[in-house]
Every structure is written in structure tokens, then in C-alpha cells.
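Structure first, commentary second.
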Amino acid sequence: MAVNMKGKSLVSINDLTLEEINQIFDLSKTLKEKQLTGEPHKILEGKTLGMIFSKPSTRTRISFQTGIYQLGGLGMYFGPNDLQLGKSENIHDTAKVLSRYLNGIMIRTFSHQDVIDLAKYASIPVINGLTDLLHPCQVLTDLFTILEKKGKLRGLKMAYLGDGNNMAHSLLHGCSKVGMDLTLATPSNYKPDEEIVKNSMENAKKMGSKIEIITDPVEAVKDADIIYTDVWASMGQEAEAEERRKHFVRYQVNPGLVKHAKEDYIFMHCLPAHRGDEVVDEVIDSTNSVVFDEAENRLHVQKAIMALVM
Ligand code: CP
Ligand code: NVA
């Protein structure tokens, strides 16, 4: 039986049940097939999605706007200087007002608390399009992509290399919820959030899988089915890039490192990639790399999310 997700916000993957996650994957597959065969699927005709961006974006903005259009609805983009949000109008009032016009809100911003508050005060679903803490839409897409490539999620091992950032946090939530093993290798002063690690270890235990937080990149990629990396300096941390580079050099995903993974490993990256830093051309452009399928799948998975919650 389908789970009713109408009106539900997606702030964190940790708020979703395994049943809901599987439902998102099933609908993503159906909508992807419909899109690729040209079968109309205007499930959200007449509905409007507000898209609030306080940070730049290529994939998130274009995939949400195209996605809502393909579903028969309208996407409205609001840039960093367009709304009163958090400046001359508080989140509470903004949430109430937007709820009177729109059917859903997608937001990308710095403070995760702002997204929690927006979802709390809005009477329409709020979808997290990235905060400093989490990037749930990206990780749901990544898991869907792994399912397409490997035919399963349970029993696989992912190695994540680099910064204990928003991507690392959502991968912890996502992998532990679906029962995938995850080893994160980060420099000791760039570890992920302790609460998120603790919570994910509990989730993993229930699913019979394993979460490890280590510092050795070679040990992490040993026998991995998936190697994942992300930028060393995220949006908003540009001034730290030089300093961070010194700590992260040995976490670069290059041919010397990937040879420790399984032969049929897949390479993943949420993009944008800083080629020559966290990954080199020989890996990201290799036949093991699925980064552009990942980028495409943002469209299909987010359409499924919108169709389910709006
Ligand atoms: N991966 C991702 O979210 O890309 P954008 O920052 O371009 O949206
Ligand atoms: N960690 C990166 C992810 C970009 C999609 C950032 O926050 O900039």
C-alpha cells in the first residue's frame, strides 16, 4: 500500500521511513521512464513551487524548475536579494504568507535552523535544497542512481573521502536508513557532526549494516563498491580553501587510490567538482564514473518528491 506523503516536508532524510524512501525510488523510476518515452505526466497541473536560493546553484535550480514544469506546474525563482526573508521579515511571517500563495517551497540556504523553522510555520511542504548541514535531495538521488547501477543497496560498501560536510551528513542518514555500509575517511579536524554519526550508527544497527568514521583513505576505499567525494571547501568557505587544501591532499581520488576499490566500483560526486583537488580527470572522466547520470537523476527524483508531497 502506498504511504500518503501529501503535505510532508523534506528537511532531512532522517525524517523519512524506509517505506517512504522506497516509494520515492519507485515513483522516480516511473517518472523517468515516462519522461524518456515522452508520455505526459502532468500530475501537478496548476500547482506552484517557490524556489528560494541564498546560495548559487546549477543542478538544483534547473532540475527543480524543469521538473515542476514537466509535471504541469510553475516554478518561481527567488534569488538572495528578492525576498524579505530573514532581513526585514522573519521566517514565521514569511512562511505564513508564502503558504497563502504557493503549493510548495524549495529552499537552499546557509542555516539549517531556518529550514526547520520554515517547515514548522508553513502549511505547505518545504523541500530542503541544501543547507550548511544537509543535502537530502542529492543523497536520495545518489541512492536511486546506485540502485539503477547495482540493482540493490543493502550489502554494498560506500567509501566517502574528504570533508565531514553537508554531503557527508546526508550520506550518513541515507546509507544507514537503507542498510548500506558507509566508511567515511576525513582529516581528524574535519570530522562529521557527532550527533548525526551517533544517530546513523543506531539506524545502521537496526538495518544490520555498518558505519565507520576513520582517517585513512586507503583503508576506506578497500573493497568499496562506490567511491564518493565532494569539494574540500563548500559554498561559504571559499576563504578557507587554501588552508583546507593542505589537510585534504591525501584524500584526493586518483588512480593510485581507486585501485584499492572493487574493479567494478562506481565513482560519484554531487558536483560541482574541483578537478585537480578532490578528484582528477582520469577518475571523473573514466568509465567507472556515473556523475552525469547522478546529475540527470536529480530531475527524476525531485519530480517524484514534488509529486508525492505537493
Ligand atoms: N549538486 C548540487 O546541488 O549542485 P548545484 O549546487 O549546482 O545545485
Ligand atoms: N558541499 C558542497 C555541496 C554542493 C552541492 C557545498 O555545500 O558547497
Side-chain angles (χ1 to χ4, degrees), residues 10-13 28 49 51-68 75 77-80 105-115 127-146 158 160-174 184-187 190-193 196 226-245 247-248 251-253 267-275 277-279 284 289-303 305-306:
L10 173 54
V11 177
S12 162
I13 294 180
S28 303
L49 177 78
M51 304 173 9
I52 304 172
F53 283 88
S54 316
K55 292 181 179 182
S57 167
T58 298
R59 280 143 291 269
T60 306
R61 177 177 178 181
I62 299 174
S63 56
F64 266 105
Q65 186 134 21
T66 304
I68 184 79
Y77 171 82
F78 305 104
I105 301 169
M106 183 253 109
I107 178 164
R108 163 170 291 196
T109 193
F110 294 86
S111 154
H112 188 69
Q113 190 59 45
D114 284 356
V115 179
I127 302 172
N128 178 357
L130 179 145
T131 63
D132 287 346
L133 193 74
L134 299 176
H135 198 0
C137 292
Q138 179 67 52
V139 170
L140 287 169
T141 302
D142 297 335
L143 295 173
F144 175 73
T145 308
I146 297 167
M158 178 188 285
Y160 172 93
L161 303 171
D163 191 15
N165 61 10
N166 44 11
M167 278 307 309
H169 294 150
S170 282
L171 285 169
L172 279 163
H173 283 152
L184 262 104
T186 71
Y190 292 95
K191 284 201 186 308
D193 179 84
I196 293 179
I226 302 119
I227 299 182
Y228 204 114
T229 191
D230 184 19
V231 291
W232 294 337
S234 286
M235 289 180 268
Q237 299 172 333
E238 290 78 6
E240 298 172 30
E242 268 317 304
E243 174 60 23
R244 284 173 163 261
R245 196 171 279 122
H247 298 270
F248 285 102
Y251 296 85
Q252 183 185 70
V253 182
F267 173 74
M268 303 186 85
H269 192 308
C270 54
L271 305 178
H274 293 166
R275 289 168 178 253
D277 277 349
E278 75 273 7
V279 64
I284 196 170
S289 172
V290 300
V291 297
F292 299 113
D293 296 324
E294 244 181 302
E296 177 191 330
N297 282 337
R298 291 291 300 277
L299 174 69
H300 308 301
V301 172
Q302 289 161 188
K303 279 168 74 177
I305 295 168
M306 288 188 280

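Whatever order the structure lists them in is the order used to number ligands and atoms, beginning at 1. For the numbers below, each heavy atom of this structure counts, side chains included, while hydrogens, waters and symmetry mates do not.
Among protein heavy atoms, the minimum distance from atom 3 (C) of ligand 2 is reached at Asp230 OD2, 3.7 Å. Counting protein heavy atoms only, atom 8 (O) of ligand 2 is closest to Met235 N, 2.8 Å. Protein heavy atom closest to atom 7 (O) of ligand 1, with residue, atom name and distance, is Thr58 N, 2.7 Å. With respect to atom 7 (O) of ligand 2, the closest heavy atom belonging to the protein is Asn166 ND2, 2.9 Å.
Residue contact check: Leu271 has heavy atoms under 4.0 Å from atoms 5 (C) of ligand 2. Near Cys270, with a cut-off below 4.0 Å to any heavy atom, the atoms of ligand 1 are 1 (N). With ligand atoms numbered from 1 in the order given, ligand 1 contributes 2 (C), 3 (O), 5 (P), 6 (O), 8 (O) to contacts under 4.0 Å with heavy atoms of Arg108. Numbered from 1 in the order shown, with element, the atoms of ligand 2 that lie under 4.0 Å from a heavy atom of Leu130 read 3 (C), 4 (C), 5 (C), 7 (O). Distances below 4.0 Å separate heavy atoms of His135 from the following atoms of ligand 1: 2 (C), 3 (O). Listed by number with element, the atoms of ligand 2 under 4.0 angstrom from any heavy atom of Asn165 are 1 (N).
Ser170 places no side-chain N or O within donor-acceptor distance of the main-chain N or O of Leu134, the cut-off being under 3.5 Å. Checked by atom type and distance alone, the side chain of Arg298 never pairs as donor or acceptor with a backbone atom of Ser63 at under 3.5 Å. Between the Asn128 side chain and the Leu10 main chain, no donor and acceptor come within less than 3.5 Å of each other. Although no hydrogens or angles enter the test, the distance criterion places no donor-acceptor pair under 3.5 Å between the side chain of Gln138 and the main chain of His135. No donor-acceptor distance shorter than 3.5 angstrom exists from the side chain of Asn297 to the backbone of His300, with no hydrogens or angles considered. No donor-acceptor distance shorter than 3.5 angstrom exists from the side chain of Glu278 to the backbone of Thr229, with no hydrogens or angles considered.
A salt bridge links Lys55 with Asp132: the distance from a Lys NZ or Arg NE/NH1/NH2 to an Asp or Glu carboxylate oxygen falls below 4.0 Å.
Considering CD1 of Ile107 and CG of Leu130, their distance stands at 11.0 Å, rounded to 0.5 Å.
Heavy atoms of Asp132 stay at 4.0 angstrom or farther from ligand 2. In this structure, Arg298 counts as a contact residue of ligand 1, since one of its heavy atoms falls inside 4.0 Å of the ligand. Under a 4.0 angstrom heavy-atom cut-off, Arg61 registers as lying outside contact with ligand 1. Within the 4.0 Å heavy-atom cutoff, Leu271 counts among the residues contacting ligand 1.
In terms of heavy atoms, Arg108 sits closest to Thr60 at NH2-OG1, 2.9 Å.
A ring-centre distance under 6.0 Å is found for Tyr190 and Phe248. Aromatic ring centroids of Tyr77 and Phe53 lie under 6.0 Å apart.
When the heavy atoms of Glu294, His269, Arg59, Lys55 are ranked by distance to atom 4 (O) of ligand 1, first place goes to Arg59.
Considering backbone and side-chain N/O atoms, Arg108 never comes within less than 3.5 Å of an N/O atom of ligand 2.
Counting heavy atoms closer than 4.0 Å to ligand 1, residue Gln138 contributes side-chain atoms (C-beta onward) but none from N, CA, C or O.
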